[in-house]
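First up is the structure itself, then whatever we jot down about it.
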Amino acid sequence: MNKHYRLVSILSFLIISSCSNNAKDIEESTLSIKNFNLSHYSKNGNKLYKLDTPYSIFNKKEQVYLLDKTSIKFFKKNNIKYIVNSDSARLINNNKVIELKGNVIISDIENNNTTIKSDNLYWDINKSKFILEGKVYLITKSIKLNSSMAILDKESNIVTFFKPVEYSYIDQNNISRYDIKSENAYYNIENQDVIFKSENNNVRSRIIF
């Protein structure tokens with residue numbers, strides 16, 4: 001009876017110790033951070049972007065930041081050029097890649113308050129292009145354009161929309177004057193120049209506002 005009791009006690013101790021160690025490993029593998037922010041500067045000291053989130057979790061093992069409501073401000077000559085917001089984000093690959101998910105909104109501050117919305121956004125920090133996937137919408141005072149995918153080059157201010165592309169022009173009375181469907185479209189944020197183009201280059205049209 002005593003031997004049986006000792007065996008049960010030893011097994012119970014081992015199980016409890018194992019659970020305790022597992023819980024400790026989980027706790028030590030992650031780090032919670034409130035009011036997390038990350039800024040990046042150019043070689044000459046100009047601020048390039050600043051990322052803010054009220055809450056984040058850092059997975060030490062995978063070296064991944066899981067970010068809550070995320071806001072990224074992009075600067076040009078120390079003035080805000082774009083603001084990008086999303087429901088959540090992941091900072092991966094040694095902080096070189098940012099993946100934004102859920103209600104991604106890009107607001108252009110410099111030119112005409114253009115807004116671009118999408119489900120997801122992928123950005124390699126070493127590159128100037130944002131890759132937008134899911135339902136992508138471009139919205140201005142007079143333009144509504146949507147597609148399944150788009151690429152915004154923040155250096156050239158050109159947005160490339162990939163098929164299928166649907167476009168409508170809204171006049172001052174908020175009435176849709178015409179609708180256009182196209183394989184691809186290119187939008188210049190600075191001058192609101194829209195170019196529609198087919199893959200075989202036989203169809204090409206330009207609309208300027």
Side-chain angles (χ1 to χ4, degrees), residues 12-110 113-139 148-157 159-160 162 189:
S12 298
F13 174 77
L14 291 175
I15 291 172
I16 292 172
S17 298
S18 176
C19 292
S20 176
N21 287 335
N22 287 338
K24 186 177 180 181
D25 290 341
I26 293 172
E27 289 176 359
E28 290 183 350
S29 66
T30 61
L31 176 66
S32 299
I33 307 172
K34 290 185 178 180
N35 299 319
F36 174 81
N37 62 77
L38 175 68
S39 296
H40 186 65
Y41 295 82
S42 66
K43 293 181 179 179
N44 58 12
N46 290 325
K47 184 180 286 188
L48 298 178
Y49 69 85
K50 181 183 179 183
L51 182 152
D52 291 288
T53 180
Y55 181 78
S56 67
I57 296 176
F58 177 58
N59 187 312
K60 298 178 183 178
K61 185 177 180 180
E62 298 180 2
Q63 294 292 297
V64 172
Y65 283 94
L66 301 177
L67 312 175
D68 201 3
K69 298 284 185 181
T70 306
S71 178
I72 309 176
K73 295 181 177 67
F74 293 89
F75 295 84
K76 181 179 179 181
K77 296 181 180 179
N78 293 319
N79 294 317
I80 297 175
K81 181 178 180 180
Y82 293 111
I83 298 178
V84 184
N85 296 306
S86 69
D87 287 343
S88 64
R90 291 202 318 155
L91 191 57
I92 60 177
N93 195 18
N94 269 338
N95 300 343
K96 293 179 181 178
V97 172
I98 297 177
E99 296 176 343
L100 304 177
K101 293 184 178 294
N103 294 316
V104 178
I105 300 176
I106 303 176
S107 301
D108 174 67
I109 306 301
E110 268 194 333
N113 292 319
T114 298
T115 300
I116 303 172
K117 299 181 179 180
S118 70
D119 294 328
N120 305 302
L121 184 150
Y122 177 91
W123 178 45
D124 183 333
I125 291 174
N126 293 321
K127 299 180 181 179
S128 65
K129 295 180 179 179
F130 302 142
I131 300 174
L132 302 113
E133 296 178 322
K135 295 180 180 179
V136 183
Y137 298 92
L138 168 73
I139 302 170
S148 60
M149 178 182 174
I151 295 177
L152 165 61
D153 190 326
K154 62 185 180 66
E155 296 299 326
S156 66
N157 284 331
V159 188
T160 304
F162 297 90
I189 294 177

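Here, residue 1 is the first one in the sequence, and each next residue gets the next number.
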Evaluate the criterion side chain to side chain contact (heavy atoms under 4.5 Å, CB included) for residue pair I105 and T115; output intermediate values, then yes/no.
CA-CA 7 Å; I105 300 176; T115 300; 3.8 Å; yes
When you look at I57 and N59, which way does the side chain to side chain contact (heavy atoms under 4.5 Å, CB included) test go after all the steps?
CA-CA 6 Å; I57 296 176; N59 187 312; 5.8 Å; no
Pairing residues for N78 by the side chain to side chain contact (heavy atoms under 4.5 Å, CB included) criterion, not counting sequence neighbours
N46, K47
Between CG on residue D119 and NZ on residue K117, distance to nearest 0.5 Å:
12.0 Å
Results of ring-ring contact (aromatic ring centres under 6.0 Å, His included) for F58 - residues two or more places apart only:
Y65
Under a 4.5 Å cut-off applied to non-hydrogen side-chain atoms, are I98 and T70 in contact?
no
Got a sec, which residues hit side chain to side chain contact (heavy atoms under 4.5 Å, CB included) with S39, two or more places apart in sequence or on another chain?
Y41, K50
Atom pairs and distances, side-chain donor-acceptor, residues 85-92, under 3.5 Å, sequence neighbours left out:
| residue | atom | partner | partner atom | Å |
| --- | --- | --- | --- | --- |
| N85 | OD1 | S71 | OG | 3.0 |
| S86 | OG | S88 | O | 2.9 |
| D87 | OD1 | K69 | NZ | 3.1 |
| D87 | OD2 | N103 | ND2 | 2.9 |
| R90 | NE | E99 | OE1 | 3.1 |
| R90 | NH2 | E99 | OE1 | 3.0 |

W123 CH2 to K96 NZ distance, which is reported to the nearest 0.5 Å:
13.5 Å
Between V159 and A150 the two heavy atoms that sit nearest each other are CG1-CB, 4.2 Å
Gap separating the CD1 atom of I109 from the CD1 atom of I106, nearest 0.5 angstrom:
11.5 Å
Angle between ring planes, F130 versus Y82, binned at 30° and 60°: parallel, tilted or perpendicular?
perpendicular
Nearest heavy-atom approach of K81 to D108 is O-OD1, 3.6 Å
Would you mind listing every side-chain hydrogen bond (donor to acceptor under 3.5 Å, both in side chains) that reaches into residues 125-139, with sequence neighbours excluded?
S128-D153
Less than 4.5 Å apart, side chain to side chain, heavy atoms only: is that true for Y55 and S32?
yes
Answer whether the closest heavy-atom distance between the side chains of L132 and L152 falls below 4.5 Å.
yes
In the structure I gave you, are the side-chain heavy atoms of L51 and F36 within less than 4.5 Å of one another anywhere?
yes
Is there a side-chain contact between Q63 and N93 (heavy atoms, below 4.5 Å)?
no
Can you find a pair of side-chain heavy atoms, one from N120 and one from V104, that are under 4.5 Å apart?
no
Side-chain contact test, heavy atoms from C-beta onward, threshold under 4.5 Å: evaluate it for L100 versus V84 and give yes or no.
yes
Does any non-hydrogen side-chain atom of Y122 lie less than 4.5 Å from one of K101?
no
Hey, could you give me the CG/CD1 distance between L138 and I116, rounded to the nearest 0.5 Å?
5.5 Å
Just how far is it from atom CD1 of I83 to atom CZ of F75, taken to the nearest 0.5 Å?
8.5 Å
Nearest 0.5 angstrom please: N37 CG to T53 OG1, how far?
10.0 Å
